[in-house]
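I have placed the structure first, in the form of structure tokens, so that the comments after it can refer back to it.
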Amino acid sequence: MNSKFLKKLPSYISIIFLSLGFCLSASRFATASTSSILIDADSGKVLSSSAADKLRYPASLTKLMTLYITFDALEKGLIKMDDNLPVSRNAANRSPSKLGLRAGEKISVHDAIMALVIKSANDCATVLAEGLGYTEANFANTMTQVAHELGMKNTTFKNASGLPNKAQKTTARDMAILGAAVYHHFPQYYKLFSAKKFTYKGRTYYTHNHVLKSFEGADGMKTGFTNAAGFNIITSAERGGKRVIAVTMGHNTAKLRDKKVSSMMDQGLKKLALLDTDKNRIEPDSTIRIASAVPRKAPKTKSGIQNKDTGNQAAGTITATAQTDDKNWAIQIGAFSNYAKARNYAMIVKKETNLADKDIYIEPHQAASAIVYRSKLTGFAKKEANNTCNSLKKSNKSCIVIASDKQQLVLANKF
């Protein structure tokens, strides 16, 4: 990785992105009642939950945010899978679980990612954090900022790995939001979570996530454990075109955790299958929201100089939007082969046309054997939508005005 890239990357990172107290005793915290939540991955509807807003230690579920930010850097072309990142003494000294890296050596971005996914390697988490943010503490601040912008209002990160820190906290609901963000925003990298093993320097490592092997349709995402946190998991499964994301935290054993999350997903998938024949049988109690991950101000670089390039990182909202009756029209501006392209084009159009108050709606649509992603701007009154579309056409941008669905996957962006 060249020095020019290393100098510019921290400024990019700064751009991108209940009230239950902690028990004083770590052992008492570990044996507290569990927290769980199950959501429909497509709509964000909460299918079931229990103590979903209770504050808990995330343990290695933390690494999912480290990966989220890493995936975004890959998507923007700021790093590549074959870039080699240096291993600091700080990273090499991380406690297990780790890959056993030595200070002074280098590891590729790809291998570091796979070590997080499969081995839950704490040393590799620190390597990624330092490579993307100069220091792990700086990276953790970015993690927290992105979490809050995504709507994870009860989450604070203090490191990139999930190693014990009493100030590092989250909730099952917040973890579901993060899981949905990873799945929807980076489908091109999400498939990495289904890997059951990877080989590094001739040694093969096997996944900690045994649900991948025991539950039909499971394809991710992350397990976690510390004495204080108990056994945690966030995972997802798809059957018959229906997908759920499940989180359960605070279990006393991995076996109990896996049994619980498997039961949740099985029941949820069966419920969703009934939607095709009887929509009245499911009454979700809420939806989860993923808010924008775009700062309102231009950030400062490490040298303290204001950066005028505010970037175009996008996050999203999974919600039943509360639009007023006269604001339920949308403008479709294109269809693309993947989510990221649809998202990025909508952001460009939104910024160029001064539509900061409008949300972006990315709609997956089955077209023959492929899925296309329709890019839309939402929140218009009908007359306003017509006028805006006419203006876009005058600048050689195609568009159509349509009524928008109030139950939708929205990509909300703030500029």
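- Inspection of the Lys63 and Asn122 side chains reveals an N or O donor paired with an N or O acceptor under 3.5 Å.
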(request) Please test Tyr205 against Lys197 for side chain to side chain contact (heavy atoms under 4.5 Å, CB included), starting from the C-alpha separation and ending with a verdict. (result) CA-CA 5 Å; Tyr205 298 88; Lys197 62 181 180 180; over 6 Å; no
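- In this structure, Tyr345 and Lys397 have side chains that are in contact, with non-hydrogen atoms separated by less than 4.5 Å.
- Side-chain contact between Asp82 and Val109: absent, with no pair of heavy atoms (C-beta onward) separated by less than 4.5 Å.
- Taken from NZ in Lys169 to CG in Asn154, the straight-line distance is 7.5 Å, to the nearest 0.5 Å.
- Side-chain contact between Arg343 and Ile360 is absent, with no heavy atoms from C-beta onward closer than 4.5 Å.
- Here the side chain of His184 pairs no donor or acceptor atom with the backbone of Gly179 at under 3.5 angstrom.
- No side-chain donor-acceptor contact under 3.5 Å links Asn209 and Thr223.
- Side-chain N/O atoms of Tyr57 and Asn232 include no donor and acceptor closer than 3.5 Å.
- The existence of a salt bridge linking Glu136 and Lys158 is excluded, since no basic side-chain nitrogen approaches an acidic carboxylate oxygen closer than 4.0 Å.
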(request) Please test Ser36 against Ser50 for side-chain hydrogen bond (donor to acceptor under 3.5 Å, both in side chains), starting from the C-alpha separation and ending with a verdict. (result) CA-CA 5 Å; Ser36 302; Ser50 174; 5.8 Å; no
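- Remark: the Gln267 side chain and the Ser263 side chain contain an N/O donor-acceptor pair separated by less than 3.5 Å.
- With 3.5 Å as the limit, one finds a donor-acceptor pair spanning the side chains of Ser43 and Asp40.
- To the nearest 0.5 angstrom, Ser161 atom OG is 11.5 Å from Leu128 atom CG.
- At a threshold of 4.5 Å between non-hydrogen side-chain atoms, the residues Met265 and Phe215 count as touching.
- Using a 4.5 Å heavy-atom threshold, the side chains of Ile331 and Phe380 count as touching.
- A donor-acceptor contact under 3.5 angstrom links the side chains of Tyr68 and His185, judged on distance only.
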(message) As a quick check of understanding, evaluate side chain to side chain contact (heavy atoms under 4.5 Å, CB included) for Thr66 and Phe157, giving each step before the final call.
(response) CA-CA 10 Å; Thr66 300; Phe157 292 113; over 6 Å; no
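- If you check the side chains of Tyr183 and Arg243, you find a donor sitting under 3.5 Å from an acceptor.
- A cation-pi arrangement, defined by a distance under 6.0 Å to the six-membered ring centre and an angle within 45 degrees of its axis, is absent between Lys222 and Phe193.
- Side chain of Ser49 to main chain of Ala52: no donor-acceptor pair is present (N/O by atom type, distance under 3.5 Å, no hydrogens or angles).
- Considering only heavy atoms from C-beta on, Met249 stays 4.5 Å or farther from Lys54 through its side chain.
- Distance alone, capped at 3.5 Å, places no donor-acceptor pair between the Asp123 side chain and the Lys98 backbone.
- Rounded to the nearest 0.5 angstrom, Asp258 CG and Phe231 CZ are separated by 9.5 Å.
- For Thr34 against Gly250, the heavy-atom pair with the smallest separation is CG2-O, 3.6 Å.
- Looking only at side-chain heavy atoms (C-beta outward), Thr378 and Lys358 stay at 4.5 Å or farther from each other.
- To the nearest 0.5 Å, the span separating OG1 on Thr70 from CG on Leu116 amounts to 7.5 Å.
- Ion pairing between a basic and an acidic side chain is recognised when a charged N comes within 4.0 Å of a carboxylate O; Arg239 and Asp266 show such pairing.
- Residues Ser60 and Ser120 have side chains that bring a donor and an acceptor to within less than 3.5 angstrom of each other.
- Taking 4.5 Å as the limit, some side-chain heavy atom of Thr62 sits within range of a side-chain heavy atom of Gln168.
- Dense packing is recorded around CD of Gln188, with more than 12 heavy atoms of other residues, nucleotides or ligands lying under 6.0 Å away.
- Going from atom CE of Met114 over to atom OH of Tyr200 covers 14.0 Å, rounded to the nearest 0.5 Å.
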